[in-house]
Amino acid sequence: MSALFVSPYVTLFPSTRPSGTWFVGVVSALQGPRALRVEHECLPLRDTELEAHLDACDDAEKLLRMWGDRAQL
C-alpha cells in the first residue's frame with residue numbers, strides 16, 4: 001500500500017517501519033529545488049503495519065495543511 005501527498009510546497013510519502021515487535025508510522029517530506037528530506041515519526045506504536053500506515057497517512061494530511069498555511073519568509 002502506498003500513498004503520496006503533493007502540494008506546491010512539499011511532497012509527502014507515508015510509510016511504516018518496524019520497531020521491535022511493534023510498527024511506527026513515518027512520513028518522509030521532500031521540499032525545495034534540492035529536495036531536502038525531513039522525516040516525521042508518528043507517536044503511537046501499533047500492533048499491525050496497517051494501523052501504523054493509517055497513522056502516517058493521517059499525519060501526512062495534517063502536515064500538508066500545515067505546510068500550506070505557514071507564512072512565507
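Keep in mind that this is a model prediction, so the values were computed, not measured.
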Checklist entry - Can you name the side-chain hydrogen bond (donor to acceptor under 3.5 Å, both in side chains) partners of S15, sequence neighbours left out? => result none
Checklist entry - Going hydrophobic residue to hydrophobic residue with side-chain gaps under 4.5 angstrom, can you get from V27 over to F5? => result yes
Item to check | Partners meeting salt bridge (charged side-chain N to carboxylate O under 4.0 Å, His left out) with R65 (sequence neighbours left out) | outcome: none
Next on the checklist: Side-chain heavy atoms nearer than 4.5 Å, only ILVMFWY residues, links allowed to pass through others: does that put L54 and F23 together?
Outcome noted: no
Item to check | Pairs touching residues 19-33 that satisfy salt bridge (charged side-chain N to carboxylate O under 4.0 Å, His left out), sequence neighbours left out | outcome: none
Checklist outcome for this item: Closest heavy-atom pair, G25 versus A56, reported as atoms and distance to 0.1 Å, is CA-CB, 4.0 Å
Next on the checklist: Once side-chain hydrogen bond (donor to acceptor under 3.5 Å, both in side chains) is applied, do any residues pair with T48, and if so which ones, sequence neighbours excluded?
Outcome noted: E51
Next on the checklist: Using every non-hydrogen atom in the two residues, find where T16 and H53 come nearest and quote the distance to one decimal.
Outcome noted: CG2-N, 3.3 Å
Checklist entry - Could you state the interatomic distance from CG (L12) to CG (L64), rounded to the nearest 0.5 Å? => result 5.5 Å
Checklist outcome for this item: One should read off an interatomic distance between R37 CZ and F13 CZ, to the nearest 0.5 angstrom, of 9.5 Å
Checklist entry - Under the salt bridge (charged side-chain N to carboxylate O under 4.0 Å, His left out) rule, what pairs show up with a residue in residues 52-61, not counting sequence neighbours? => result R46-D55
Checklist outcome for this item: For S19, the side-chain hydrogen bond (donor to acceptor under 3.5 Å, both in side chains) test, sequence neighbours excluded, returns none
Checklist entry - Is it the case that one hydrophobic cluster holds both V26 and V38, taking links as side-chain heavy atoms less than 4.5 Å apart, direct or via other members? => result no
Checklist entry - What residues form a side-chain hydrogen bond (donor to acceptor under 3.5 Å, both in side chains) with E41, not counting sequence neighbours? => result R17
Next on the checklist: Applying salt bridge (charged side-chain N to carboxylate O under 4.0 Å, His left out) as the test, list every pair that has at least one member in residues 18-31; sequence neighbours left out.
Outcome noted: none
